[in-house]
Structures are given as C-alpha cells and as structure tokens.
Number of protein chains: 4
Amino acid sequence: MCARETGRRTGRPRSAEADRAILDAARQALVELGWGRLSMGDVAARAGVAKTTLYRRWANKNELVVDAVAALFDELELPDRGSLRADVEGVVLQFAALLEQPATRTALMAVVAEATHDEALRRRIRAAIVDRQKRLVIEGRRRAQERGEIPPDDGDPTAQVDLIFDVIAGAVVHRALVSCEPVDADWAARFTTVLLGGLAAASAI
Amino acid sequence: MCARETGRRTGRPRSAEADRAILDAARQALVELGWGRLSMGDVAARAGVAKTTLYRRWANKNELVVDAVAALFDELELPDRGSLRADVEGVVLQFAALLEQPATRTALMAVVAEATHDEALRRRIRAAIVDRQKRLVIEGRRRAQERGEIPPDDGDPTAQVDLIFDVIAGAVVHRALVSCEPVDADWAARFTTVLLGGLAAASAI
Amino acid sequence: MCARETGRRTGRPRSAEADRAILDAARQALVELGWGRLSMGDVAARAGVAKTTLYRRWANKNELVVDAVAALFDELELPDRGSLRADVEGVVLQFAALLEQPATRTALMAVVAEATHDEALRRRIRAAIVDRQKRLVIEGRRRAQERGEIPPDDGDPTAQVDLIFDVIAGAVVHRALVSCEPVDADWAARFTTVLLGGLAAASAI
Amino acid sequence: MCARETGRRTGRPRSAEADRAILDAARQALVELGWGRLSMGDVAARAGVAKTTLYRRWANKNELVVDAVAALFDELELPDRGSLRADVEGVVLQFAALLEQPATRTALMAVVAEATHDEALRRRIRAAIVDRQKRLVIEGRRRAQERGEIPPDDGDPTAQVDLIFDVIAGAVVHRALVSCEPVDADWAARFTTVLLGGLAAASAI
DNA sequence: CTTTAAGCGAGACGGTACGTCTAGTCTTGTT
DNA sequence: AACAAGACTAGACGTACCGTCTCGCTTAAAG
C-alpha cells in the first residue's frame with residue numbers, strides 16, 4: 001500500500017494503527033471534501049496523527065489519496081443471474097452504483113487525470129483496475145457459452161473482450177461522470193439491448 | 001465564451017485581444033501543467049495581462065479552464081461520407097485523433113476529474129461540452145433518416161440520442177484514456193458494427 | 001526600516017499601517033516570549049495581518065526581529081542636562097536601565113549571538129542599531145562644543161565617535177550582561193570620570 | 001561535565017568515548033553553524049552516536065552546548081612587556097585575537113545570550129570567565145605599581161579593578177562583536193591612551 | 001555462567017514553526 | 001470603465017528540528 005521499505009529491521013517499527021487511521025481518514029476526507037479541498041493537515045488531524053507521519057509514508061498528497069482509494073475497486077462481483085442479459089444489466093447497475101459514491105468517482109477520475117501525463121501511473125491503473133475488471137467480461141462470456149446463449153470461441157477472444165469492456169465501462173463512466181445522468185434500470189435495459197444486439201449482429205457476419 | 005454582461009455601454013471596452021490571449025495561455029498552461037498545477041498568476045503572465053483582467057471575465061479558475069477546454073472540442077465536424085456506417089466510423093476516428101493529442105486528453109480528464117465533486121462545474125461541462133457535441137449524433141441520425149437507412153422518429157428521440165452519445169463517446173474515451181490502447185480503423189470498424197447492429201436490434205423490438 | 005525598494009511606482013502601495021502593526025506586534029512578542037519562542041505566525045496574528053505580509057517586507061524571522069530590537073533602542077534620548085559630565089552620566093544610566101529590562105537584554109544578546117556567524121545579519125545590526133545610536137555621541141559632542149567644554153573638531157571626528165561609542169556601550173553592556181553587576185549612579189560617576197579624563201588626555205596630545 | 005547520576009551501579013556503563021565524541025562534535029558544529037542552526041540530530045550524526053545517547057547525558061540542547069563551550073576561555077596570558085601601556089595594548093590585542101576566531105566569538109555570545117534568562121548560567125559564566133580574567137587586570141596593576149607607573153593602592157582596589165575590566169573587555173567585545181570593526185594596533189593605541197588618561201585623571205581627584 | 005539492569009543505534013512519533021505558494025480581492029495610478 | 005501592477009487575507013504545502021518513545025541488540029557486574 002504505502003511505500004514501505006521491507007529491508008529495515010532496526011529502529012522503532014511504523015505503527016500499523018497509524019497506517020489504518022490515516023487511510024481511513026483520507027478516504028473519509030475525500031468523500032466529504034473532494035480531492036482539491038482535502039488537506040494533509042486535516043487528514044492528519046482526523047487520524048489523530050502528526051502531519052510528519054503522513055509524509056513519512058507518502059511523498060505527497062497525490063500518492064496518499066491514490067492509495068487510500070485503490071482498494072475501492074475490488075468489490076465488483078458477477079453473481080450468476082441466470083441469463084446473459086441479466087448478468088450484463090447486473091454488472092452495469094453495480095458499476096454505476098460504485099461510481100455514484102463520491103469517493104469512487106473522485107478517486108477514479110482524479111487518478112485518470114493525473115495519469116494523462118504520467119506513463120508509469122497509466123500502467124499501474126491498467127494493471128490494477130482495467131485488467132482486473134476484464135475478468136467480469138470473461139466470466140460473463142464463459143457462462144453464456146455454457147448456457148448456449150452465445151457460440152463458443154473459434155479463435156482468440158481477447159480483442160472482443162477488450163471491445164466489450166470498453167463499451168460497457170466507457171458508456172457507464174461517460175453517462176455517470178461526464179453526461180451526469182442517472183444509470184437506472186431503464187437505461188441499463190436499453191443499453192443492454194443495444195450491446196447484445198450489436199454483439200449478435202457482429203458475430204453473425 | 002466568457003460571461004460578458006451585455007448591459008454595459010460606457011467606459012473602456014474590454015480588449016478582444018486579451019480574451020484570445022488569456023484562453024490561449026490557459027490552454028497552453030493546462031496542457032503543460034495539468035489542472036492542479038495551472039495557476040491564475042501564471043496564465044495572466046503568459047497572456048501578458050493582469051490577474052484582475054482574468055477575474056473580470058471569469059468568476060474563478062474552474063470557469064476559465066472549462067471555457068478553455070470546451071473550445072478544444074468545437075473543431076469536431078461531421079462531413080457527409082455517404083452512409084451511416086461511414087459517418088460513424090469517421091466521427092469515431094476523428095474523436096480518437098483529438099484525444100490522442102496530449103492537449104485534449106489532459107484537458108478533458110482534468111475538467112471531468114474536477115467536476116466529480118463540483119456540481120456547478122458539472123452543469124457547466126454538460127452545457128459547454130456534452131450538449132454541444134450531441135449535435136453530431138443528431139445530425140448523423142437526420143442524414144441517415146433522409147437516406148432511408150433508419151426509420152423516422154415516431155416519438156421524442158432525446159433518450160436514444162443520449163444513449164448513442166454515451167456509448168460512442170464513452171467507448172472511445174475509455175479505450176483512449178483508461179485502457180490506453182489505440183483507436184485505429186480496425187477497432188472503429190468493429191465498434192461500429194456492434195453499435196449499428198445493436199441499434200437495429202433495439203428498434204426492431 | 002524594512003527593505004522597501006524605492007523604485008516602484010505602480011501597483012497598490014504597501015500599507016504603512018501594516019508596517020507599524022507588525023513591528024509593534026514583534027516588539028511585544030519579543031518582550032513576552034524572547035527570541036526563540038517568538039514565531040512569525042504569532043506576530044502576524046497579533047498584528048492582524050497575513051503571514052505573507054511579513055515575508056513581503058522581511059526575508060525571514062531574523063531580519064524582522066533585528067528591526068524590532070533596533071526600535072527598542074530608539075527610545076534612548078539625550079536630554080540636555082547642562083554639562084557634558086551630566087549628559088554622559090545620564091545616557092549611561094538610561095542605557096543601563098534599558099538593559100535591566102529582560103526584554104531588551106535578551107533581545108540584544110540574542111541578536112548579537114546570532115550575528116556571530118551571519119555576515120549579513122552583522123551588517124544589518126550595524127546599520128539598524130550601532131550607527132543609529134551613535135547619534136547620541138554625536139549630539140553630546142556637539143552640545144559640549146557649543147558650551148565650550150571641548151574644542152571644535154579640526155578634522156573628521158568619525159574615528160573618535162566610534163571609539164567613544166565602543167567604550168561607553170561596551171562598558172555598560174559588559175557590566176550589565178556579562179559581569180552582571182549593577183550599573184548604579186556611583187559606577188556611572190566613576191566611569192564618566194575615567195572616560196572624560198581619558199578623552200581630555202587624548203586630545204591634549 | 002554532564003549530569004551523571006551517581007546512584008547507579010548495575011547495567012552497562014556509559015561510554016566515555018561517546019562523551020568525548022559528542023562534546024567534540026558539538027564544539028565543531030557550534031563553530032560551523034552557530035547556536036541556532038546547530039541541531040541535536042546533526043551533533044549525534046557527527047559523533048557517530050544515536051540521538052538518545054545525547055539526551056541520556058544532557059537534558060536538552062542548551063545544556064549540551066554550554067558544556068561543549070566551557071573550556072574554550074582559559075588561554076589568555078599577560079606576558080610582561082615592560083610598561084603599563086605596552087601591557088594594556090598587548091592584552092587588548094590578545095583578547096581581540098581570541099574573539100576573531102569564530103569558535104570563541106560564537107561560543108561566548110551564545111552562552112551570554114543564553115544566560116540573559118538563566119540566573120544559574122550567569123553565575124557560572126561569572127566564575128568561569130569573568131573572575132578568571134580579572135586576574136589579568138590585577139596582575140597588570142601590580143606590575144605598574146612596582147615600576148612606579150601608578151601609585152600604590154591606599155584602599156580596597158576591587159571597585160577599580162572591576163571598572164577597568166568592564167571598560168577593557170566591554171570596549172573590545174563591543175567593537176569586535178557588535179560594531180564589527182577591526183581591533184587593530186591603531187585602535188588599541190588610541191583606546192589605551194583614553195583608558196590610561198582617564199585612570200590618571202580619576203586618581204588625581 | 002547465567003541473569004539483569006542499563007546503555008546503545010536506529011528510527012518512528014507528536015508537535016511546532018518555518019518559508020513558499022496560490023486563490024481570489026483590493027487599491028493605486030494610467031489609458 | 002478597463003487596465004497593469006502589485007499588495008492584501010487566508011490557508012495549504014512540504015521541510016526541519018525538538019524531545020520522546022519503542023524496538024532489538026550489546027555489555028558489564030551481580031548473583
């Protein structure tokens with residue numbers, strides 16, 4: 001999480017309690033205030049910790065906030081809802097619900113914005129968030145193939161997985177964060193109709 | 001562009017040259033530094049203008065930067081390529097090309113990130129960027145209807161326009177800025193196939 | 001007092017009221033807290049002024065405190081007591097009384113101690129305190145010459161003024177702050193006898 | 001030297017080498033940096049010792065530095081130069097030479113400054129520095145009396161010794177450390193003329 | 001020859017202040 | 001009026017140091 005040199009063995013060990021308190025405080029402050037108005041002094045005060053203790057663990061405000069939020073994107077699941085359409089609608093609504101939380105929306109966009117001029121951060125996001133969530137698409141396709149809803153792969157499905165992921169995640173993120181309109185059951189249904197119709201048409205070629 | 005009170009008629013008129021210089025300076029600073037590190041003093045200095053001249057035109061930093069960003073997206077056009085499919089592929093590639101420029105990618109993400117915790121900014125983005133670019137979808141549908149490629153509207157097409165816009169813009173932005181993979185002619189073709197297939201299926205219900 | 005570039009002519013002029021408020025606050029804080037515990041933030045708060053307003057005028061804490069200390073010594077006066085001897089005894093007792101106040105003794109020694117390894121500070125002390133107080137010696141000599149107690153200058157009196165100042169100030173400071181013995185009327189009388197006798201002998205050569 | 005509780009008898013004894021290393025490091029740091037910029041962490045690092053080892057021996061920074069400096073003032077001597085005038089000029093130049101070394105000037109002023117608000121330290125300085133150097137004045141007077149340059153004492157000379165000492169030491173310290181002007185042979189000659197003339201005049205009363 | 005009380009190096013900790021930077025406002029004199 | 005210049009309040013930033021507090025390890029004398 002925080003950059004902790006593993007080689008040290010002398011000196012007083014860092015307080016694990018402080019780690020937790022700081023990350024909790026940072027998450028809480030992020031939700032209440034947003035990235036720009038969150039201040040290190042405030043986080044330190046909330047955590048009951050000195051400001052130096054923050055700077056001993058993270059080089060600056062960005063590093064801390066990115067870490068404070070990184071774990072929020074692991075909670076997406078793909079419960080089996082019995083049909084491809086239900087699975088897609090479910091994951092769309094679940095993802096939208098996540099993005100409706102200020103903590104997550106702020107964190108995701110802030111980190112992506114920061115990444116537009118930081119190649120290393122871009123790679124980190126791709127590994128930690130993008131590739132992780134592609135598993136949801138892969139799992140959904142597998143189930144649909146088992147159910148006979150879509151034909152089995154006859155080649156490498158990577159390109160199609162990528163496309164599906166970009167369309168689903170892109171549309172939800174765009175509607176929730178750029179257009180700023182609600183991702184409700186109705187929109188999810190209409191979106192799913194378009195997506196599945198499009199995929200059927202594409203594979204029929 | 002900038003909020004210009006129309007009631008004034010006496011006194012020295014505002015310098016149009018200053019308007020241009022400020023917006024140019026803001027765009028340049030935004031690209032070089034990103035949202036967070038851009039400062040009003042720096043923009044004023046680049047524009048060769050006093051800080052008061054900025055604040056006379058825009059209420060605060062956010063307002064100025066949003067305007068500077070919005071102008072970047074006004075260059076998108078929809079030349080008639082003869083078919084709906086060609087028009088969609090064309091606008092996808094055009095939009096992707098825009099997002100491949102560091103200027104635009106940084107600006108868009110910066111402004112969206114800032115908006116995640118700023119309701120007023122969100123409204124401003126929607127008015128200055130989102131609604132403005134929906135014109136492309138509306139125009140594309142109109143042409144396709146004239147060509148007979150899609151049936152004429154039998155109700156209010158707003159919801160469908162919104163959905164199409166979210167899907168196109170979302171998928172392109174997501175692939176270009178989050179997944180960080182190229183939006184090339186091949187991807188555009190496959191995406192268009194899915195989109196048009198989906199829309200056909202949706203209207204066939 | 002504070003470094004004020006005289007060449008500027010545009011922009012808002014610096015507040016003379018702030019100048020006064022800051023120096024007053026600094027003097028007060030110096031008396032209450034001593035050099036080490038005086039903080040810039042505290043001085044700013046006492047003066048009802050932002051910290052930046054301090055740093056716009058003085059480069060750092062030392063510079064400000066030196067000026068504040070210098071002002072403490074501006075209250076020394078040389079009322080005409082009718083004879084050179086009475087004037088010397090008067091200023092010796094006045095100076096000793098000043099050094100008996102903890103505020104002044106602490107401030108003077110602190111600033112001199114700080115200056116032992118800071119060439120710039122040394123120059124500043126010389127300009128702000130030493131040269132400023134030499135006025136007392138110059139004025140005393142002028143009066144004595146008018147009274148006919150000492151002959152008029154027949155050359156540049158600077159070296160003699162310097163010597164007299166070092167002897168008077170040095171002896172008083174040394175007795176009060178290093179030897180730590182009282183500078184009373186008796187000591188002042190004996191010291192004055194030695195000083196005036198010495199000066200008479202020196203000019204008789 | 002350092003406050004060492006005598007009651008302990010078990011456990012690992014304190015390292016005498018650390019004592020030396022710390023005091024040496026403190027003296028060196030004091031000369032290089034001055035009192036204010038000397039830091040306990042830096043002294044510990046120079047001494048190759050942990051900060052706790054410093055605080056086990058001295059309660060705080062002041063205590064350590066005072067101890068580090070105490071021994072520096074024992075080197076003044078009064079060789080017989082054959083006449084009172086030559087002896088005075090000699091001791092003036094010798095004392096000035098001592099104060100021209102950064103080590104001594106910094107140490108002396110630092111310790112005096114600290115003493116302005118520490119009664120115990122003031123007494124300690126008086127015993128260790130002031131009274132010790134008064135022997136130079138006493139010895140000089142004795143020699144001059146033997147040579148017949150000044151009349152023998154007809155009462156208690158203490159008050160006069162004190163006055164002479166304050167004048168000499170005060171003037172030299174003031175010129176060297178406050179006025180910051182060179183104490184050269186010329187100044188020493190002029191000062192001696194004034195001092196001896198003054199003393200002659202005073203005893204002629 | 002083990003126990004034991006303390007010293008020791010390393011470095012984290014709560015604090016406090018530093019000096020810098022920026023936002024957004026205000027005050028001059030000039031155009 | 002707008003403008004250039006720059007002072008102003010407010011407050012966060014990231015750094016440095018103080019003096020304290022764990023850690024785990026070392027060292028001598030006491031048992």
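Proteins come first, then strands; the chains are lettered A, B, ... in the order of their sequence lines, and each starts at number 1. Only heavy atoms go into these numbers, but all of them, side chains included; no hydrogens, no water, no symmetry mates.
Of the candidates E/dA10, E/dA12, E/dG14, E/dA12 carries the atom nearest the A/R57 side chain, counting heavy atoms from C-beta on. The D/T52 side chain lies nearest to F/dT22 when the options are F/dC3, F/dT22, E/dA23.
In terms of polar N and O atoms assigned as donor or acceptor, the side chain of A/R12 never comes within less than 3.5 Å of the base of E/dC13 in a complementary pairing. Interface remark: the D/K51 side chain does not form any donor-acceptor pair with the E/dG9 base, using a distance-only criterion of under 3.5 Å.
No option in D/R27, D/R20, D/Q28 other than D/R27 meets the side-chain hydrogen bond (donor to acceptor under 3.5 Å, both in side chains) test with D/D24.
At a threshold of 4.0 angstrom between heavy atoms, the contacts of C/L54 with the nucleic acid are absent. Looking at heavy-atom distances under 4.0 Å, B/L64 makes no contact with the nucleic acid at all. At the heavy-atom level, C/N60 lies under 4.0 Å from the strands shown only through sugar-phosphate atoms. Residue A/G48 is classed as a sugar-phosphate contact, given heavy-atom separations below 4.0 Å to backbone atoms only.
For the pair A/Y55 and C/T53, nearest-nucleotide mapping onto DNA chain F gives the more 5' position to C/T53. Mapped onto DNA chain E by nearest heavy atom, A/A18 and B/A59 fall at different nucleotides, with A/A18 at the one closer to the 5' end. Comparing A/A50 and C/S39 by the nucleotide of DNA chain E whose heavy atom lies nearest to each, the residue mapping closer to the 5' end is A/A50.
The CZ atom of C/R56 sits 16 Å away from the P atom of E/dG19 (whole-angstrom rounding). Rounded to an integer number of Å, the gap from CG of C/L38 to P of E/dT16 is 16 Å. In this entry the distance linking CE of B/M40 with P of F/dA4 reads 14 Å, nearest Å. Distance CG (A/L33) to P (F/dA12): 10 Å, rounded to an integer number of Å. F/dA7 atom P lies 13 Å from atom CD1 of C/I22, rounded to whole Å. Atom CZ in A/R37 sits roughly 13 Å away from atom P in F/dC13 (whole-Å rounding). Straight-line distance from the CD atom of C/E17 to the P atom of E/dC26: 17 Å, rounded to whole Å. Protein atom CZ of C/R14 is 7 Å distant from nucleotide atom P of F/dC8, rounded to whole Å.
Between C/V43 and C/L30, every side-chain heavy-atom pair lies at or beyond the 4.5 Å cut-off. Under the 4.5 Å side-chain criterion, counting only non-hydrogen atoms from C-beta, C/W58 is in contact with C/I22. Using a 4.5 Å cut-off on side-chain heavy atoms (C-beta onward), B/D42 and B/L33 make contact.
Between A/R46 and A/A29, the shortest heavy-atom contact is NE-CB, 3.7 Å.
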